[in-house]
**Student:** 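Following this message is one structure expressed as structure tokens.
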Amino acid sequence: MFSRIGMSHEQNIALDMLESHLSKIHFYTLYGVDQFTLNLVTNQGNFFFYDGHLTTPQIPRENYWKWNQSRGKTELDSNSNHLHLSFCKLNSRNIPPALTAPPYKIWVFNITDKTFNRKYGFFWCEKGFFQPTLDDNLLRELSFLQDFVSKDTADELGWTKPIVKKKSNRGRKKKSTSF
């Protein structure tokens, strides 16, 4: 979809991420910049499409660090010349006197659809805080804790067994036993 000539390895990875999701965009579910939260933009693995074009000052951050663009923006046109892409990588940097900043790395893709004159973008947090998730196997293994949580929590975690109703014998003739 986009030419990769002269791209670095990490730019290729970021472009792969964009291209793998670009065909799935739904314009009625785009985030507005006013909906961005620090949690949304720094949760590792998060990606989403947004309406309009994004600038660095619009991205939420904490007051002791800032977003830093270490290289220039990369500009590309799609092979079909239908889309124009401007993208960059941003890292978190401390603002003195702070000594450290969280180790975040995000990618911002501003996209212009030249055919429909529409501006939108794609955001990906490659490195951020990691929020562990529970998979079904682990949840099953933890089901022994069922007696120590509320019924609602046990239901939500899938630890309660569904009530199995016995089949009724309605409409069936009882077998007679004759001696």
Side-chain angles (χ1 to χ4, degrees), residues 1-139 156:
M1 177 172 271
F2 292 96
S3 173
R4 305 300 181 97
I5 298 171
M7 295 287 135
S8 69
H9 178 68
E10 72 175 349
Q11 285 175 320
N12 275 308
I13 291 170
L15 273 172
D16 285 344
M17 185 68 172
L18 167 69
E19 288 180 345
S20 69
H21 293 92
L22 198 52
S23 64
K24 302 170 192 162
I25 187 171
H26 296 285
F27 288 104
Y28 53 85
T29 59
L30 298 179
Y31 277 88
V33 174
D34 59 329
Q35 295 175 294
F36 287 18
T37 63
L38 184 63
N39 186 50
L40 178 69
V41 301
T42 59
N43 190 342
Q44 185 167 309
N46 263 10
F47 61 89
F48 54 88
F49 287 95
Y50 55 87
D51 193 29
H53 280 178
L54 186 61
T55 61
T56 303
Q58 294 174 299
I59 305 169
R61 64 177 179 84
E62 293 182 274
N63 61 2
Y64 65 94
W65 59 269
K66 63 183 177 180
W67 292 112
N68 182 60
Q69 180 182 327
S70 56
R71 290 186 175 192
K73 291 184 176 170
T74 301
E75 306 270 337
L76 296 173
D77 286 313
S78 62
N79 295 336
S80 66
N81 207 26
H82 173 69
L83 299 175
H84 178 76
L85 183 64
S86 174
F87 73 100
C88 66
K89 174 185 75 171
L90 299 168
N91 292 295
S92 51
R93 287 270 191 263
N94 66 303
I95 299 173
L99 298 177
T100 60
Y104 298 148
K105 183 196 313 186
I106 61 174
W107 292 87
V108 175
F109 295 85
N110 287 324
I111 304 165
T112 303
D113 184 321
K114 294 192 266 183
T115 305
F116 296 105
N117 196 27
R118 181 173 185 121
K119 293 181 178 184
Y120 58 99
F122 181 74
F123 185 99
W124 175 39
C125 178
E126 181 179 1
K127 185 176 180 185
F129 75 87
F130 181 71
Q131 202 164 19
T133 58
L134 296 174
D135 66 8
D136 290 339
N137 292 331
L138 180 57
L139 281 174
E156 188 176 323

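Sequential numbering from 1 along the given sequence is applied to the chain's residues.
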**Student:** CE of Met7: more than 12 outside heavy atoms within 6.0 angstrom?
**Tutor:** yes

**Student:** Any side-chain heavy-atom pair from Trp124 and Lys89 closer than 4.5 angstrom?
**Tutor:** no

**Student:** Does the distance from a Lys or Arg side-chain N to an Asp or Glu carboxylate O, for Glu10 and Lys105, drop under 4.0 Å?
**Tutor:** yes

**Student:** Is the shortest side-chain heavy-atom distance between Ile106 and Glu126 below 4.5 Å?
**Tutor:** no

**Student:** More than 12 heavy atoms of other residues, nucleotides or ligands under 6.0 Å from CG of Leu138: yes or no?
**Tutor:** yes

**Student:** So do Phe49 and Phe123 actually touch side chain to side chain, heavy atoms under 4.5 Å?
**Tutor:** no

**Student:** Would you please say whether a donor-acceptor pair under 3.5 Å links the side chains of Gln11 and Thr74?
**Tutor:** yes

**Student:** Just verifying a value: how many Å separate Lys119 NZ and Ser86 OG, rounded to the nearest 0.5 Å?
**Tutor:** 10.5 Å

**Student:** Go through Tyr104 and Leu90 one step at a time and tell me if the side-chain contact (heavy atoms from CB on, under 4.5 Å) criterion holds.
**Tutor:** CA-CA 8 Å; Tyr104 298 148; Leu90 299 168; over 6 Å; no

**Student:** Under a 3.5 Å distance rule, please check whether Trp107 uses its side chain to pair with a backbone N or O of Met17 as donor and acceptor.
**Tutor:** no

**Student:** Quick check: closest heavy atoms across Asn79 and Ser3, and the distance to 0.1 Å?
**Tutor:** OD1-N, 3.5 Å

**Student:** If you look at every heavy atom in Cys125 and Asn43, which pair is closest and at what distance?
**Tutor:** CB-O, 3.5 Å

**Student:** If you round to the nearest 0.5 Å, how far is CG of Leu85 from OG of Ser78?
**Tutor:** 9.0 Å

**Student:** Please answer whether the main-chain N or O of Leu40 pairs with a side-chain N or O of Asn46 as donor and acceptor at a distance below 3.5 Å.
**Tutor:** yes

**Student:** For Thr42 and Gly128, indicate whether the former's side chain and the latter's backbone hold a donor-acceptor pair under 3.5 Å.
**Tutor:** no

**Student:** Do Phe129 and Asn39 have side chains that approach each other closer than 4.5 Å (heavy atoms only, starting at C-beta)?
**Tutor:** yes

**Student:** Applying ring pair (Phe, Tyr, Trp, His ring centres under 6.0 Å) between Tyr120 and each of Phe109, Phe27, Tyr31, Phe48, report the one that passes.
**Tutor:** Phe27

**Student:** Looking at Cys88 and Lys73, what are the two nearest heavy atoms and their distance?
**Tutor:** CB-CG, 3.9 Å

**Student:** Does Gln69 use its side chain to pair, donor to acceptor, with the backbone of Arg71 at less than 3.5 Å?
**Tutor:** yes

**Student:** Can you confirm whether more than 12 heavy atoms, excluding those of Glu156, are under 6.0 Å from its CD atom?
**Tutor:** no

**Student:** Against His84, only a single residue in Asp113, Asp77, Asn110 fulfils side-chain hydrogen bond (donor to acceptor under 3.5 Å, both in side chains); can you say which?
**Tutor:** Asp77

**Student:** side-chain contact (heavy atoms from CB on, under 4.5 Å) between Phe47 and Leu18: does it pass, once the steps are laid out?
**Tutor:** CA-CA 9 Å; Phe47 61 89; Leu18 167 69; over 6 Å; no

**Student:** From Met1 CE over to Leu76 CG, what is the distance, rounded to the nearest 0.5 angstrom?
**Tutor:** 12.0 Å

**Student:** A side-chain contact here means heavy atoms from C-beta on lying under 4.5 Å apart; do Leu30 and Ile25 qualify?
**Tutor:** yes

**Student:** Kindly give the heavy-atom pair with the smallest separation between Tyr64 and Ala98, and that separation in Å.
**Tutor:** O-CB, 3.6 Å

**Student:** If you measure from NZ on Lys66 to CD1 on Ile59, what distance do you get to the nearest 0.5 Å?
**Tutor:** 14.0 Å

**Student:** Report the C-alpha separation of Leu83 and Thr112 in whole Å, then their side-chain angles, then the decisive distance to 0.1 Å, and conclude whether the side-chain contact (heavy atoms from CB on, under 4.5 Å) test is met.
**Tutor:** CA-CA 6 Å; Leu83 299 175; Thr112 303; over 6 Å; no

**Student:** Check whether the side chains of Lys114 and Asn81 place a donor and an acceptor atom closer than 3.5 Å, and report yes or no.
**Tutor:** yes

**Student:** Please name the pair of heavy atoms, one in Val41 and one in Pro60, separated by the smallest distance, quoted to 0.1 Å.
**Tutor:** CG2-O, 4.0 Å

**Student:** May I ask you to decide if the ring planes of His21 and Phe122 are parallel, tilted or perpendicular, using 30° and 60° as cut-offs?
**Tutor:** parallel

**Student:** side-chain contact (heavy atoms from CB on, under 4.5 Å), that's the test. Do Thr100 and Trp65 meet it? Break it down for me.
**Tutor:** CA-CA 8 Å; Thr100 60; Trp65 59 269; over 6 Å; no

**Student:** Check whether any side-chain heavy atom of Leu22 lies under 4.5 Å from a side-chain heavy atom of Ile111, and answer yes or no.
**Tutor:** yes

**Student:** Could you grab the distance from atom CG of Asn12 to atom CD of Glu19, nearest 0.5 Å is fine?
**Tutor:** 9.0 Å

